[in-house]
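Below is one structure, written out as structure tokens; comments come after it.
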Amino acid sequence: MNLAIDIGNTRLKSGVFKNGRLIEAGSWELGRQPEFFSWATNHSPQNVILSTVAAGSASEAVQQWAQRFNYLELHTHTRLPIQNRYRTPGTLGKDRIAAVTGAYALKPSQDCLVVDAGTCITFDYLSRDGAYIGGNIAPGLRMRLRAMHEFTARLPHPGLQETEDWVGASTEEALRNGAQFGAAMELDGYIREGEARFGPLQVFLTGGDADFLAKKVKRKIFVNHHLVLFGLNQILDYNVKHLE
């Protein structure tokens, strides 16, 4: 039984895996670690992997708790089941490498584009031979809306919301469409450019705004909200087997 833990800036997400299959997943706000500890302990994990971008007491408490098990923390030098061709691996986000590893586990031997629609939107390419090539980072949907409000004198902050047409008939609609359809068209462009370079792509979409963005793109996309957890579990399995 494996336990994968992903600590972001505001939330802790975790999944329990048995024989590579996700049994149960949960999400907690940082500061509610006791609830997570109770949930996780009830599943009696043998192996635990932790990926964290947060600093401070919340992350430290989880690290201390996890060390009672066969424990692995994801860092720059962790062995990976894929090749990492990023020129600056020390600056590569742990969630990005975990997500592409998850894509490789779900669709091996296929060229993939992995899109994580969170605070920022990341676009990452994985070759069919299991090599992470790299990718790009852009502002997320809410960041775009907030930036247009905060860096201008008069533009409002409309918030994320569905609109009827991609051409805005009011300033609020124009702002929403600029952020929302702009990101969708951006994604469509990355798919086209990726297909021109690599050939047919399996496209994975994950992150908090994945469902919202997927509805704006007229392409076959796999939405998987637990892609990072799947990748962490693959990395954990790879390291456990390597030590056997």
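Positions are given from 1, in the same order as the sequence printed here. Worth saying up front: this structure is predicted, and the values here are computed from it rather than measured.
At a threshold of 4.0 Å, the pair D209-R144 does not count as salt-bridged, since none of the basic side-chain nitrogens sits closer than that to a carboxylate oxygen. Ion pair K216/E162 flagged as a salt bridge, since at least one NZ, NE, NH1 or NH2 atom sits closer than 4.0 Å to an Asp/Glu carboxylate oxygen. Look at R219 and D188 and you find a salt bridge, because one of the NZ, NE, NH1 or NH2 atoms lies within 4.0 Å of a carboxylate O, short of that distance. We find that R32 and E35 are joined by a salt bridge, their nearest charged nitrogen and carboxylate oxygen being less than 4.0 Å apart. A salt bridge between E172 and R176 is present, with a side-chain N of the basic residue lying under 4.0 Å from a carboxylate O of the acidic one.
Of the N and O atoms on the side chains of S27 and R11, at least one donor lies less than 3.5 Å from an acceptor on the other residue. No hydrogens or angles considered: a donor-acceptor pair under 3.5 Å links the side chains of W39 and E24. Side chains of N177 and T163: a donor on one and an acceptor on the other come within 3.5 Å. Residues N47 and Y71 have side chains that never bring a donor and an acceptor to within less than 3.5 angstrom of each other.
When all heavy atoms are compared, the tightest approach of S51 to L232 is CB-CD2, 3.7 Å. Between V48 and A66, the shortest heavy-atom distance links the atoms CG1-CB, 3.9 Å. Nearest approach of H225 to D211, heavy atoms of both residues: NE2-OD2, 2.9 Å.
Although no hydrogens or angles enter the test, the distance criterion places a donor-acceptor pair under 3.5 Å between the side chain of H149 and the main chain of L155. Side-chain atoms of Q180 come within 3.5 Å of backbone atoms of Q161 as a donor-acceptor pair (strictly under, hydrogens ignored). With hydrogens and angles ignored, the 3.5 Å screen pairs no side-chain donor or acceptor of Q234 with any backbone N or O of G102. Under a 3.5 Å cut-off, the side chain of N239 and the backbone N or O of R79 do form a donor-acceptor pair. In this structure, S170 contributes its side chain and E173 its backbone to a donor-acceptor pair below 3.5 Å. With E193 contributing its side chain and G189 its backbone, the two residues share no donor-acceptor pair below 3.5 Å.
For the atom pair L3 CG and T41 OG1, the distance stands at 9.0 Å (nearest 0.5 Å). Note that CD1 of I133 and SG of C112 are 10.5 Å apart. Values are rounded to the nearest 0.5 Å. Interatomic distance, L74 CG to L72 CG, rounded to the nearest 0.5 Å: 7.0 Å.
With contacts defined as side-chain heavy-atom distances shorter than 4.5 Å, the pair L12/D6 does not qualify. Residues D95 and V53 have side chains not in contact (no heavy-atom distance under 4.5 Å, counting atoms from C-beta outward). Side-chain contact between I7 and V62 is present, with at least one heavy-atom pair separated by less than 4.5 Å. Put simply, the side chain of L106 reaches to within 4.5 Å of the side chain of N224, judged on heavy atoms.
Ring orientation note: the planes of F198 and Y125 are tilted relative to one another, at an angle of 30° to 60°.
Proximity of the aromatic rings of W166 and F181 is defined here by a centroid distance below 6.0 angstrom, and this criterion is not met. Ring centroids of Y132 and Y104 are separated by 6.0 Å or more, keeping the two rings apart.
The environment of CG in N19 is sparse: at most 12 heavy-atom neighbours from other residues, nucleotides or ligands sit within 6.0 Å.
Both L201 and V217 are part of a single hydrophobic cluster, where members link through side-chain heavy atoms under 4.5 Å apart.
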